[in-house]
2 protein chains.
Amino acid sequence: MKANKEITIYDIAEKLKYAPSTISRALNDHPSISKNTTLLIKKVAKEMGYRPNSLAASLRNNRSKTIGIMISRINRPFVSSLISGVEETARKSGYNVIISQSNDKYENEVINAQTLYNSRISGLIVSLSMETRKLDHLRPFINQGIPIVFVDRVPDMADAHKVIIDNYTAGYRAAEHLIEQGCTRIAHFAGAQHRNVYSERKKGYMDALKDHNLKADKDFIITFESLSFEEGEKATKKLLDLPIPPDGIFAANDTTAVSAIMYAKKRGIKIPDELAVIGFNDDPIASIVEPALSTVIHPAIKMGQLSAKRILQHAVEKDEEVLFETSILPTELCIRNSSLKNK
Amino acid sequence: MKANKEITIYDIAEKLKYAPSTISRALNDHPSISKNTTLLIKKVAKEMGYRPNSLAASLRNNRSKTIGIMISRINRPFVSSLISGVEETARKSGYNVIISQSNDKYENEVINAQTLYNSRISGLIVSLSMETRKLDHLRPFINQGIPIVFVDRVPDMADAHKVIIDNYTAGYRAAEHLIEQGCTRIAHFAGAQHRNVYSERKKGYMDALKDHNLKADKDFIITFESLSFEEGEKATKKLLDLPIPPDGIFAANDTTAVSAIMYAKKRGIKIPDELAVIGFNDDPIASIVEPALSTVIHPAIKMGQLSAKRILQHAVEKDEEVLFETSILPTELCIRNSSLKNK
DNA sequence: TATAAAAACGCAACCGATTGCATCAAATAT
DNA sequence: ATATTTGATGCAATCGGTTGCGTTTTTATA
């Protein structure tokens with residue numbers, strides 16, 4: 001439990017009668033240090049149990065090899081997979097990953113941004129909280145040239161990297177699928193409309209109906225606060241209590257889709273024949289519920305990996321022309337039995 | 001995109017004609033600075049847009065306000081909830097959280113430990129990888145007096161903090177519950193036996209059987225590699241193909257328990273009457289599968305919170321007598337329909 | 001009023017690595 | 001043999017706070 005003294009490059013320098021600068025360069029494979037010296041220094045460093053102090057290095061270049069992530073909540077399948085992708089990619093390049101949850105509250109997001117900024121992260125990956133409408137809290141990063149990658153829940157602003165899926169098309173195809181299955185009265189569980197992911201899914205749904213000459217009944221579109229299981233049950237009840245209930249539901253997430261299936265079943269509704277359901281995300285519960293939930297596969301891990309790569313490429317091509325890229329990753333319709341009618 | 005100059009305490013010092021040390025002290029509410037001065041300095045600091053550089057501070061005290069976490073994989077319900085608890089608690093005290101995944105490989109865990117060490121984290125929270133058997137990679141932390149908290153998947157060593165559940169009792173009660181439901185041939189899906197969580201659950205199961213004069217059939221105990229869904233299906237098939245199949249299964253996690261239910265149902269087995277099933281963890285899928293899975297509620301978030309607290313208390317009572325605490329959190333049997341027989 | 005005590009603040013040395021520029025030696029060119 | 005490159009290494013400033021100790025100013029005490 002005693003605090004052993006830490007070995008620094010100065011200790012190595014003294015022992016080897018080299019200057020600290022030489023030690024530093026050798027350890028970083030600087031070309032102006034001879035091969036032999038480099039080898040020797042590295043060997044001795046290892047023998048002495050030297051461990052680089054990344055803090056010192058970070059202070060010097062005013063940037064820690066760290067990527068910050070701001071998300072709503074970690075313990076959701078999509079989010080944790082996203083983070084997993086980020087971490088994996090970042091670590092391969094020797095970067096640490098700091099996480100911070102907003103719990104979908106704007107206030108927290110602001111505080112977290114500040115803390116992350118103060119830790120001199122070299123890049124920030126953000127999936128906006130449900131509440132967030134202003135982005136002033138991200139200004140400091142932009143001013144300092146710290147790259148930001150928005151992922152999934154992104155803002156409108158053009159001057160930033162984005163990693164997203166084509167929510168519109170996904171929504172369109174999900175709705176279209178239900179239409180193809182013979183549904184004519186299709187409801188939609190929508191999320192907060194100021195978040196791109198939900199507004200676009202809804203737009204896709206609307207257009208799919210229109211293109212197939214179906215009208216989107218006002219009563220059939222329910223906008224959720226948080227897309228929770230409980231909300232889903234309530235909404236489903238509301239729908240089923242309508243004089244003419246829907247025969248299909250496209251839910252903006254799997255949680256509410258599953259709640260719809262389970263609630264409808266309780267009411268004796270046959271899934272999918274009387275009510276076809278399709279969700280979004282492909283959470284684990286989607287393949288467990290019976291009938292298994294059709295859904296849109298959301299490439300969470302890949303989105304994380306790509307986001308991290310965007311940050312990392314800034315570190316390498318520093319000062320290069322930075323052009324902001326928007327990457328749109330493909331989704332996949334995963335048709336299971338909750339929407340597949342026997343014809 | 002231009003890099004605005006950062007405001008430092010020196011800038012404030014110059015403007016206010018104070019010494020940098022005074023600025024530093026004021027910003028940290030040091031008692032030896034007068035109330036008025038402190039107020040003034042804070043006000044001006046804010047006006048100037050000062051943002052503390054935590055790197056510099058960290059370097060000076062050789063300790064960044066950061067907690068490191070080493071876990072197997074983030075995107076699992078238990079783990080992400082655990083992290084969520086850690087993050088939440090840490091952030092309240094102004095600490096960052098760095099995560100690193102081992103993917104259950106020892107090699108990764110070693111590398112991650114090194115990286116975290118080099119970042120001068122002020123504490124480490126570890127849930128051991130499935131492979132890990134040696135702990136040498138954690139030595140540096142111990143030597144430096146950096147607190148380690150083992151959580152859930154912990155080693156035997158006594159000189160460390162631990163946050164665990166009483167796996168033995170949980171296993172005992174899970175098995176006992178099946179017995180109470182009238183099961184007499186109870187199988188067990190076990191995890192790797194060198195990990196405490198799995199060996200203890202098994203022990204609890206064994207003892208419950210013994211105490212109720214049931215014998216634990218060799219064929220009924222299946223030890224898994226990774227407790228995956230696929231493994232679970234295979235194991236269930238194996239069990240059901242036995243001349244005298246079991247009438248109950250206690251699975252060491254929910255994933256395999258659910259796979260057992262789904263597979264058995266496919267074979268026409270009635271759950272729970274012909275086969276009662278109970279799992280472990282209370283993952284989201286547990287309440288979705290039909291019949292809903294009985295399980296052991298694992299207080300993941302609380303475990304995370306408590307782990308973080310253990311680390312934080314070191315920061316406060318530094319140099320105090322450090323005694324290692326093992327916290328055993330309560331679990332709860334959650335009985336659902338997968339094991340509840342109508343009598 | 002003189003003096004001790006407390007309060008408020010300044011000085012300067014850190015923490016450990018990085019890096020532009022200077023230096024010196026060896027190698028190559030003239 | 002001398003001038004010029006090239007290669008290898010050292011010097012010293014720097015990043016931005018923190019903190020032990022010394023100094024000055026103010027307040028309290030004798």
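These numbers come from the heavy atoms of this one structure, side chains and all, not from hydrogens, waters or symmetry mates. Only a predicted model underlies this, so the values are computations on that prediction, with no experimental measurement involved. The chains referred to below are lettered A, B, ... by the order of the sequence lines, with proteins before strands, and numbering in each begins at 1.
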Exercise. Phosphate oxygens OP1/OP2 of C:dC9: is one of them under 4.0 Å from a side-chain N or O of B:Ser32?
Worked result: no

For this session: Look at A:Ser34 and D:dT9 and indicate whether a side-chain polar atom (N or O) is within less than 4.0 Å of OP1 or OP2.
Result: yes

Seminar exercise, completed: note: A:Asn53, atom CG; C:dT18, atom C1'; distance rounded to Å ~ 13 Å

For this session: Remember a base hit wins even if backbone is also touched, and classify A:Asn62 as base, sugar-phosphate or nothing at under 4.0 Å, heavy atoms.
Result: nothing

Problem set entry | Cation over ring face, A:Arg51 and B:Tyr117, 6.0 Å, 45° | yes

Problem set entry | Which residue lies more 5' along DNA chain D, comparing B:Ile9 with A:Lys35 via nearest heavy atoms | A:Lys35

For this session: Tell me what A:Ser58 touches on the nucleic acid: a base, only sugar-phosphate, or nothing, going by heavy atoms under 4.0 Å.
Result: nothing

Seminar exercise, completed: Whole-Å distance, B:Ile33 CD1 to D:dT23 P, equals 18 Å

Exercise. At under 4.0 Å between heavy atoms, what does B:Tyr10 touch on the DNA or RNA strands: base, sugar-phosphate, or nothing?
Worked result: base

For this session: Provide, to the nearest angstrom, the distance between the CG atom belonging to A:Asn28 and the P atom belonging to C:dT19.
Result: 8 Å

Exercise. Rounded to whole angstrom units, what separation is found between the CZ atom of B:Arg63 and the C1' atom of D:dT18?
Worked result: 12 Å

For this session: Could you tell me whether B:Ser24 contacts a base, only the sugar-phosphate backbone, or nothing, with contacts defined as non-hydrogen atoms closer than 4.0 Å?
Result: base

For this session: Name the residue closer to the 5' end of DNA chain C, choosing between B:Pro31 and B:Arg60 according to the nucleotide with the nearest heavy atom.
Result: B:Pro31

For this session: List the steps, then state whether side-chain hydrogen bond (donor to acceptor under 3.5 Å, both in side chains) holds for B:Asp104 with B:Ser129.
Result: CA-CA 4 Å; B:Asp104 274 321; B:Ser129 93; 4.8 Å; no

Problem set entry | Polar contact flag, side-chain donor to acceptor under 3.5 angstrom, A:Ser72-A:Arg76 | yes

For this session: Report which part of the nucleic acid A:Lys17 touches: base, sugar-phosphate, or nothing (heavy-atom distance under 4.0 Å, all strands).
Result: sugar-phosphate

Exercise. Do B:Arg25 and D:dG20 share a donor-acceptor pair, side chain to base, under 3.5 Å?
Worked result: yes

Exercise. Any side-chain N or O of B:Tyr50 less than 4.0 Å from the OP1 or OP2 oxygen of D:dG17?
Worked result: yes

Exercise. Can you tell me if A:Ser54 and B:Asn118 form a side-chain donor-acceptor pair at under 3.5 Å?
Worked result: no

Seminar exercise, completed: Between CG of B:Leu59 and C1' of C:dG16 the distance, given in whole Å, is 6 Å

Exercise. Between the side chains of B:Gln305 and B:Glu88, does any donor sit under 3.5 Å from an acceptor?
Worked result: yes

Exercise. Roughly, in whole Å, what's the span from CG in B:Asp29 to C1' in D:dT18?
Worked result: 15 Å

For this session: State, without any angle test, whether A:Thr38 and A:Arg25 hold a side-chain donor-acceptor pair at a distance under 3.5 Å.
Result: no

Exercise. Looking only at side-chain N and O atoms, does B:Asn61 come under 4.0 Å of OP1 or OP2 in D:dG17?
Worked result: no

Exercise. For A:Ser21, which contact category applies under a 4.0 Å heavy-atom criterion: base, sugar-phosphate, or nothing?
Worked result: base

For this session: Measure from CG on B:Asn36 to P on C:dA7 and round the result to the nearest Å.
Result: 15 Å

For this session: Nearest whole angstrom, please: distance from the P of C:dG16 to the CE of A:Met48.
Result: 13 Å

